[in-house]
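Okay, structure first, notes after.
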Number of protein chains: 2
Amino acid sequence: MTQTYGPLLETLDLTYPQYLVMLVLWKTDDLSVKEIGQQLKLDSGTLSPLLKKMQAKGLLQKVRLDSDERSVAVGLTAQGQALKKQAEKVPLVMACNLNLKEKDFVELRDKVQALSAQLEKLNA
Amino acid sequence: MTQTYGPLLETLDLTYPQYLVMLVLWKTDDLSVKEIGQQLKLDSGTLSPLLKKMQAKGLLQKVRLDSDERSVAVGLTAQGQALKKQAEKVPLVMACNLNLKEKDFVELRDKVQALSAQLEKLNA
DNA sequence: CAAATATAGATTGTATACAACTTAATTTTA
DNA sequence: TAAAATTAAGTTGTATACAATCTATATTTG
């Protein structure tokens, strides 16, 4: 899957995990590292270096919260927001590539999510 | 998934990718690195260090082939073969953990394999 | 047959994952 | 309220993945 996304994301200078972070932030800006981690099921050990690289690329910035100085708000820069337009075609191209009928896609997604939920319950 | 396998494989002193290699060799011993890679869809960049660690643990040995000195045959040691018995319960415990009906399991597996085949075609 | 090409593994460099630990800050609780 | 327990990020160490490259060997071609 990563390989298939590859050529598409290369033009955006994003890796696949970086793209996932961008998807989360394009939908809801200014989330804490923890909130991003909950949505992507990644912990700070993965996200901290990932976000650091993305910050270095100028895609986002991090601000320590006044309300809770343990938390860090991750927000998109103008450049990060601008990239959204460039990335709009990605899901469509991938959907086309995968050659799945809407119905099959939804079924597969739901089955994987159910399995994921079961695994989370076991690992809790 | 790796987390759920974790406790089971820990008793065998195997990581999940290492367990996958053992499954392949328990089924068919003495395969080349390339053949193992084809079955697991892993390249030598991943397998070489993985196999080296497993060799260091005494699970397998590598022999350069006389018939083609580019190839290396990977074979289980007595210890590697003996581990098969210890690992027999793993699939059953996992099947139980996943809480999937036979029918749902087969459907999910087949859908994922179909998607994987489509991706391979695209990435070819 | 000799040069060009291809192949199998190993190595190098980059990018995740994640457990375990550390630090700083916030809650809980005795 | 002061000590204990929790929590959010970040750091460290280990283990994959995989592209690109390297080396040695084998196969193909002109």
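Given the structure is predicted, the values throughout are model-derived calculations rather than measurements. So you know, we letter chains A, B, ... as the sequences are listed, proteins then strands, and number each from 1.
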Review point. Which pair of heavy atoms, one from A/L25 and one from A/I36, lies closest together, and at what distance?
Key: CD2-CD1, 4.1 Å

Revision key, fill the gap. Side-chain contact check for A/Q3: nearest option of C/dT11, C/dG9, D/dA19 is D/dA19

Revision key, fill the gap. Quick note, A/V72 side chain, CB onward, closest among D/dA26, D/dT7, D/dG10 is D/dG10

**Study point:** Aromatic ring pairing B/Y19/B/Y5, orientation class (parallel under 30°, perpendicular over 60°, tilted between)
**Key:** tilted

Review point. Just checking, any donor-acceptor pair under 3.5 angstrom between side chains of A/S32 and A/E35?
Key: yes

**Study point:** Rounded distance in Å - CZ (A/R70) to P (C/dT28)
**Key:** 10 Å

Study note, to complete from the structure: Rounded to whole Å, the CE-P distance (B/M1 to D/dA15) equals 22 Å

**Study point:** Separation of C/dC18 P from B/Y5 OH (nearest whole Å)
**Key:** 16 Å

Review point. Could you state the CD-C1' distance from B/Q18 to D/dA17, rounded to the nearest angstrom?
Key: 14 Å

Check your understanding: Contact class for B/S71 vs. all strands (heavy atom < 4.0 Å): base, sugar-phosphate, or nothing?
Key -> sugar-phosphate

Point to revise | Spacing between A/K52 atom NZ and C/dA15 atom C1', to the nearest angstrom | key: 14 Å

Practice item. Select base, sugar-phosphate, or nothing to describe what B/L47 touches, counting heavy atoms under 4.0 Å on all strands. Key: nothing

Exercise for review: Output the single nucleotide from D/dA9, C/dT16, D/dA17 whose closest atom is nearest the side chain of A/T46.
Suggested key: C/dT16

Review point. Rounded to whole angstrom units, what separation is found between the CG atom of A/L51 and the P atom of C/dA15?
Key: 15 Å

Review point. Of all the choices, C/dA19, D/dA9, C/dA10, which nucleotide is nearest to the side chain of B/R64 once you look at every atom?
Key: C/dA10

Review point. Rounding to a whole Å, what distance do you find between B/L9:CG and C/dC18:P?
Key: 16 Å

Check your understanding: Counting just side-chain N and O atoms, does B/S32 come under 4.0 Å of either OP1 or OP2 of C/dA8?
Key -> no

Practice item. Please report, rounded to the nearest Å, how far the C1' atom of D/dT12 is from the CG atom of A/D43. Key: 13 Å

Study note, to complete from the structure: Rounding to 0.5 Å, atoms NZ (A/K62) and CG (A/L60) come to a distance of 7.5 Å

**Study point:** Nearest-nucleotide 5' precedence on DNA chain C, A/L42 against A/E69
**Key:** A/L42

Review point. Going by an N to O cut-off under 4.0 Å, is there a salt bridge joining B/K103 and B/E107?
Key: yes

Check your understanding: Counting side-chain heavy atoms from C-beta on, which of C/dA10, D/dT11, C/dA25 comes nearest to A/S44?
Key -> D/dT11

Review point. Does C/dA17 have OP1 or OP2 sitting under 4.0 Å from an N or O in the side chain of A/K41?
Key: no

